[in-house]
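The next block holds one structure in the form of C-alpha cells; read it before the comments.
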Amino acid sequence: MTQTPAPFPERPAADRPDYLQRLNPEQRAAIETTDGPLLVLAGAGTGKTRVLTTRFAHILLSGRARPYQILAVTFTNKAAREMRERIGALLGEPVEGLWLGTFHALCARMLRRHAEYVGLGSGFTILDTDDQLRLLKQVIEPLRIDTKRWPPQGILGVIQRWKDRGLTPERVTPAEDCDFAGGQCRPIYATYQARLVQLNACDFGDLMLHVTEILRTRPDVLAQYHRLFRYILVDEYQDTNTIQYLWLRLLAQREGQPANICCVGDDDQSIYSWRGAEVENILRFERDFPGAAVVRLERNYRSTAQILGAASGLIAHNDGRLGKTLRPGREDASGEKVRVASVWDSDDEARLVGEEVERLRAGGHSLAEIAILVRAGFQTRAFEERLITLGLPYRVVGGLRFYERSEIRDAMAYMRVLNQPADDLAFERIINVPRRGIGAAAMQKFHVAAREGQMPLAAAVMDLIARGALKGRAREQMTALMACLARGREALPREGHVVVVETLLEESGYIDMWKADTSPEAPGRLDNLKELVRALADFESLGGFLEHVALVMENEENAGAERLSIMTLHGAKGLEFDTVFLPGWEEGVFPSQRTLDEGGLKGLEEERRLAYVGITRARHRAVISHAASRRIYGNWQSAIPSRFIEELPAEHVTTTGGAAQARSRTFGHAPLSSTAFPVMARRPRVTDVGEKGPTAAMAVGTRVFHQKFGYGTISSVEGNRLEVAFEKAGPKRVLDTFVEKIP
DNA sequence: TTATTTCAATTTTTT
DNA sequence: ATTGAAATAA
C-alpha cells in the first residue's frame, strides 16, 4: 500500500497562481500531480470538491489541455452542476463544450453519435422505470411465469445487475443464470433487449452498456476518444459499478501514453453496494493503474474534534479499509461531545428532537442548518407529526420528485407520442388516460394487429379504424385521439412546441380529467401540469426537453427556505449541517435487519459506513437517539440499542435518558440538569408496582411486567439484555430497564 | 370495463 | 397500519 506522500516543500507563495493559494500540502499534491494515474482518498469534509474543481482549472490554466479534452464524471446531476459552477467561478467565466456530467449523461451523448453500432437510431428514447416494467411484463407474458414467485421487478433487477456488470445477453454464461424465474432470466433478457431495439429505445443501464460495448468492439471509435480525452477526473469513485469501471478503464488506458486518470473517493463512504457499486474498484486502483500515486486528504475542516473522534472510533471497527484518519483541520475548541439519548418510543424521540430544535432556534440557530437523518423512510412520520404540532417548518428531502408524479409522466407520455409516433410504450400509457373505454381486450386486439402488420401500435390503431374493425365508443374516442395527435404534429413547426403541447393536453381531455377530479390532490396536479408547460418553454425543441427530463429528473424549487431537513442517511451524503439528529439507532433498524440477513458482515460494515457518513455530516452537534420500543408494521417491537452506540469511543460521547443509565459504560453521571431530555416521562412509576429493573436481580424465570407487552417470564439474560416470553406479545428481547419485576 | 375486495409486502436510490 | 397490486364481482 502506498504511503501518503511526504509533506511537499512549501514554495514561496508568490510563485503560485492565485487559485493554488490557501490549499494544504495534500490538496496541492492532488492538484499538481497532473500526469499519470492518481487516487485521491478524500475523507469526509476534507475539501474534495475544491480539489476536483481546482485540478480541472489547473489543467486548463497550465495549458495542458483545452476544456473539451477533459472528461469529468460525477454520479449526480447536482454534483455535475456544482462542479460546472465552481469551475466557472475559478476561471472567471462560464466554460462551453465541457465533457462534464454524470456517467449516464455523458454516455447518452456518446451513444447518440454511435447508436448505429448497436442497432439504434440516434433519436432513440430513454425509458423510465415504468416503461421498463411495462415492456418486461409484455416480454414475460407469453412465458406464463408465476409472477407471484417471480415478480417482474425482481427479473428487472436481475437484468439490471447484469447490465451493471457489463454483461450483454451474449455474455451472460449459463452458469450466471440464477434460478430466478425458473432459470429463464437469460432468454428473457435477450428478448427484452431485442424489443428495446425494435422500439428504438434503451433503458438507463443500456446507456453505459451500449457505449462500453462500442468502445470494446470498435477500435476506431475508442481511438477517437483516446485522442480526445487527455485527462479524466472521476468523483465518488467508491460508488462506481463494474460497467462504469470498465468504461473508465477503456477510456483511460491509451497505447503508449500514461493513463491520466484521477479518481477521487472515500472507501469509508461507500454505501451503495446494494445497487451495484463495487468498493473493490477503489481498493484495487493501484493494481489497475500501475505506478499510481495516492494522496490522502485527512484534514477535516468541517467538524469539531469530538465529532471526528466519535466518527473515527466507529469506522475503525471495519476491516479492509484503505486507512485514513480524519484530523481536525483547525485547532479550535474541541466542541460538544456527541450525545446519545435513550427514549421510550418514537413519539418520545420526536418530542426530544422537537424540543432540542426549538431550543436551538431560540438560541439563534438557523433551521436550514439542522437535519434529521433517518435510516429508512418510515421513520420520518413521527418527526413530521411532531414538527407540525410545534409549527416548525421542515421539508422531507427525497420524496416523490416532480418528474416522478403520475400526472407529469402522463403528460410526458403525450409529448413522447407527439414527438415519436412509434413510441409504443408512451402510447400505451396514454391510450386510456383519460378513460376512453379501452380495456385489456381492446389492448390485446391492438397488439395483435401491430404484430401482424409489423407496425407501431398507433399505426395499428389507425389501420383498424380505417378498416372499420373498431366499433362504438372506442372507435369514436380513438379517432378523436389520433386526430388530436395528428393536428399537434402538423402544427408543431408553425406554433411551437409549447403551444402545441398545451393544446394537446386540453383537446385530448387530459386536463379535463383532472378538473373533473374531486380528490384533494387534483388542484395540485393541475398546478404541476402548468409548471411542466412553463418548464417546456426553457427548451428549444420538444426532443431537447424530453432528453433533459429523461436524464435530469429534478425540479429546482424551494431551495434556501428557512426549514429544517428530514432525509435518509443515503440522501445526506455530500451535505453538511451545524446540527444533525440521528434517530433510530436500534438493532434491526440501524443496522437494518434486512441488510444483516442479506449481506452478513459485508452488510454490517456498510451500515457502519452509513453511520460514519451520518456523524460526519455534523459540523458542531450530533445527537444520536434510540428508542426502547418501536411500532413496526402495526405492532410493537422492543428494541435494543444499536451496536454502533457501544462502538463509539466513550471519551467523545455523553449519554442521557433512563435506559442508558443502566448501561455499564455509563459511569453514573446522570445529566439531571438537562431539561432538554425529559425522557422516559411515560414510564410507569415503578416503585408503585415493584422493584426497579436494574437494581433487581433479573434471573431466568423471573416474572416481569412491560409497559407495552404486558406480563411475561424471563427466558434468558445477557448482561442488561433480556429475552422475555410475554403472555400476549410472545417472545421479545428487551432491556432490563423497561421491565419491572413482579413480587 | 370498471369497482370492489382481498392480499401481501414493507431499506437505502441515481440515472 | 398502511399501501399498492392482483383477483373477483357487478
Side-chain angles (χ1 to χ4, degrees), chain A residues 73-80 101-109 111 126-129 132-133 137 146-149 151-154 157 160 163-164 202-209 235-236 239-241 243-244 270-277 346 373-382 397-401 403-404 406 432 434-444 472-474 477 547-554 567-574 584 588-599 603 606-607 609-611 613-614 630-637:
Chain A
V73 201
T74 65
F75 269 86
T76 63
N77 291 300
K78 194 175 161 218
T102 63
F103 278 101
H104 296 272
L106 293 166
C107 278
R109 187 167 158 191
L111 191 56
I126 301 166
L127 300 187
D128 64 24
T129 343
Q132 286 179 49
L133 202 61
K137 280 178 181 166
D146 180 5
T147 50
K148 273 264 170 58
R149 270 185 79 194
Q153 280 100 331
Q160 222 126 284
K163 290 187 176 180
D164 284 344
C202 68
D203 64 22
F204 274 110
D206 285 337
L207 292 173
M208 296 285 331
L209 188 70
D235 192 14
E236 306 280 17
D239 287 338
T240 50
N241 60 32
I243 186 88
Q244 287 159 341
S270 158
I271 55 175
Y272 283 112
S273 73
W274 49 273
R275 69 178 195 209
S346 56
L373 308 183
V374 297
R375 176 61 181 79
F378 70 84
Q379 292 173 265
T380 62
R381 210 178 70 183
V397 180
L400 252 200
R401 288 170 309 162
Y403 290 106
E404 282 169 358
S406 65
N432 205 31
R435 295 262 131 87
R436 295 190 179 94
I438 304 298
M443 231 23 247
Q444 184 77 22
R473 203 171 69 232
Q477 297 273 343
E547 172 90 350
H548 173 82
V549 173
L551 292 169
V552 189
M553 298 266 292
E554 284 179 352
M567 61 178 98
T568 63
L569 288 160
H570 284 92
K573 197 170 92 162
V589 175
F590 189 36
S592 135
Q593 191 57 51
R594 191 150 159 193
T595 304
L596 257 35
D597 292 344
E598 287 168 11
E606 182 148 315
E607 294 283 297
R609 291 194 290 268
L610 202 48
V613 167
R630 192 172 286 276
R631 200 160 58 167
I632 294 170
Y633 310 140
N635 45 0
W636 287 95
Q637 305 260 233

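Letters A, B, ... mirror the listed sequences (proteins, then strands); counts begin at 1.
Of the candidate nucleotides dT15(B), dT12(B), dT1(B), dT12(B) has the atom lying nearest to any side-chain atom of Trp274(A). Taking only side-chain atoms of Tyr633(A), from C-beta outward, the nucleotide of dT10(B), dT12(B), dT2(C) with the closest atom is dT10(B). Closest approach to the Ala376(A) side chain among dT12(B), dT10(B), dT15(B) is made by dT12(B) (side chain taken as heavy atoms from C-beta onward).
Pair assignment for dT12(B) gives none, since no Watson-Crick or G-U wobble pairing has each distance under 3.5 Å. Applying the Watson-Crick and G-U wobble criteria (two distances, each under 3.5 Å), dA3(B) pairs with dT8(C).
Within the 4.0 angstrom heavy-atom criterion, no nucleotide atom of any strand lies near Gly205(A). Nucleic acid contact class of Ala108(A) (heavy atoms, under 4.0 Å, all strands): none. Among the atoms of the strands shown, base atoms are found under 4.0 Å from some heavy atom of Glu598(A). Across all strands, Ala550(A) comes closer than 4.0 Å to no nucleic acid atom at all (heavy-atom distances).
Aromatic ring orientation, Trp274(A) versus His570(A): perpendicular (interplanar angle above 60°, classes split at 30° and 60°).
Nucleotide dT11(B) holds its P atom 11 Å from the CD1 atom of Ile632(A), rounded to whole Å. Atom CZ of Arg630(A) is separated from atom C1' of dA1(C) by 15 Å (rounded to the nearest Å). Remark: P of dT14(B) and CG of Asp206(A) are 20 Å apart, rounded to the nearest angstrom. Between the CG atom of Leu596(A) and the P atom of dT12(B) there is a distance of 16 Å, rounded to whole Å. To the nearest angstrom, P of dT13(B) lies 16 Å from CZ of Phe75(A). Between Arg435(A) atom CZ and dT2(B) atom C1' there is a gap of 7 Å when expressed in whole angstrom units. As a whole-Å value, the separation of Arg381(A) CZ from dT3(C) C1' is 12 Å. As rounded to whole Å, 10 Å separates atom C1' of dT15(B) from atom CD of Gln132(A).
Between the side chain of Arg375(A) and the base of dT12(B) there is at least one donor-acceptor pair of N/O atoms closer than 3.5 Å. A donor-acceptor contact under 3.5 Å links the side chain of Thr595(A) to the base of dT11(B).
Where Arg436(A) and His570(A) meet DNA chain B, the nucleotide closest to each residue was compared, and Arg436(A) sits on the side nearer the 5' end. Comparing Leu610(A) and Met443(A) against DNA chain B, the residue whose closest nucleotide sits nearer the 5' end is Met443(A).
In this structure the side chain of Arg631(A) never reaches within 4.5 angstrom of the side chain of Ser346(A), judged on heavy atoms. Residues Arg609(A) and Val613(A) have side chains not in contact (no heavy-atom distance under 4.5 Å, counting atoms from C-beta outward).
A sub-4.0 Å separation between OP1 or OP2 of dT2(B) and a side-chain N or O of Asn432(A) is present. Regarding contacts with the backbone of dA1(C), every side-chain N or O of Asn635(A) stays at 4.0 angstrom or more from both OP1 and OP2. For dT13(B), one of the phosphate oxygens OP1 or OP2 lies less than 4.0 angstrom from a side-chain nitrogen or oxygen of Thr568(A).
Not a single donor-acceptor pair under 3.5 Å links the side chain of Glu236(A) to the backbone N or O of Phe75(A).
Ring-base stacking between Tyr272(A) and dT12(B) is not satisfied when judged by a centre separation under 5.5 Å and a plane angle under 30°.
Rounded to whole Å, the separation between the P atoms of dT3(C) and dT12(B) comes to 15 Å.
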Output, in order, the C-alpha distance, side-chain angles, deciding distance and verdict of side-chain contact (heavy atoms from CB on, under 4.5 Å) for Ile243(A) and Phe103(A). CA-CA 10 Å; Ile243(A) 186 88; Phe103(A) 278 101; over 6 Å; no
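Of the residues Leu209(A), Asn241(A), Leu207(A), the one that meets the side chain to side chain contact (heavy atoms under 4.5 Å, CB included) test with Lys163(A) is Leu209(A).
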